[in-house]
Amino acid sequence: MEQRETHLARLEAGIDRLVEALHAARQERDAARDKVEALRASARQELARLHTTVEQQERELTALRSQRQLIGERLHALQGRLNAVLAEEHSTGATPTGNGDHGGAAALPLEELTLR
């Protein structure tokens with residue numbers, strides 16, 4: 001009988017240890033779930049922030065492209081006007097007046113004055 005009680009006591013002790021281990025495993029699992037959920041929430045926030053940043057950069061890039069196009073059009077118009085003035089001066093044989101209107105640029109050949 002004593003051996004049977006010892007055996008039962010050992011079984012109960014083993015069951016208690018298993019229950020404690022199960023409880024500890026559940027706590028670890030719950031902690032891991034909480035950590036994973038926190039990581040997911042953080043990742044969602046970071047993704048939203050990156051999405052906002054990309055949209056902002058796309059808007060800035062679009063604005064810069066528009067500015068580049070406008071500046072290119074203005075430069076092209078200026079080039080046309082400059083070429084027309086230089087061609088007119090070249091064909092009439094006009095000489096620089098020396099009053100600073102032409103600066104030193106009038107002494108350069110026509111090819112060097114045109115914009116490329």
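None of these values were measured; they are calculated from a predicted model. The figures here come from the full heavy-atom set of this structure, side chains too, leaving out hydrogens, waters and symmetry mates.
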- What pairs meet the salt bridge (charged side-chain N to carboxylate O under 4.0 Å, His left out) rule with one or both residues in residues 4-14, with sequence neighbours excluded? none
- Message: Please tell me whether H23 and Q27 have a donor and an acceptor in their side chains that are separated by less than 3.5 angstrom.
- Response: yes
- Quick one: side-chain hydrogen bond (donor to acceptor under 3.5 Å, both in side chains) partners of E55, sequence neighbours excluded? H51
- Message: Rounded at 0.5 Å granularity, tell me how far CG in L78 sits from CG in N83.
- Response: 10.5 Å
- Is there any salt bridge (charged side-chain N to carboxylate O under 4.0 Å, His left out) pair reaching into residues 23-47, and which pairs are they, with sequence neighbours excluded? E37-R44, E46-R49
- Please list, chain by chain and in numerical order, all residues satisfying side-chain hydrogen bond (donor to acceptor under 3.5 Å, both in side chains) with E73, sequence neighbours excluded. Q69
- Query: Does the side chain of Q57 come within less than 4.5 Å of L61's, by heavy atoms?
  - Reply: no
- With sequence neighbours excluded, tell me which residues meet side-chain hydrogen bond (donor to acceptor under 3.5 Å, both in side chains) with Q56. E60
- Item | T92 side-chain N/O to E88 backbone N/O, donor-acceptor pair under 3.5 Å | yes
- Query: Does E20 have any side-chain hydrogen bond (donor to acceptor under 3.5 Å, both in side chains) partners at least two apart in sequence or in another chain, and if so, which?
  - Reply: none
- Mind checking what makes salt bridge (Lys or Arg N to Asp or Glu O under 4.0 Å) contact with R65, not counting sequence neighbours? none
- Could you list who else is in V19's hydrophobic cluster, with ILVMFWY side chains joined at under 4.5 Å, directly or through other members? I15
- In this structure, CD1 of I71 is separated from OG of S66 (nearest 0.5 Å) by 11.0 Å
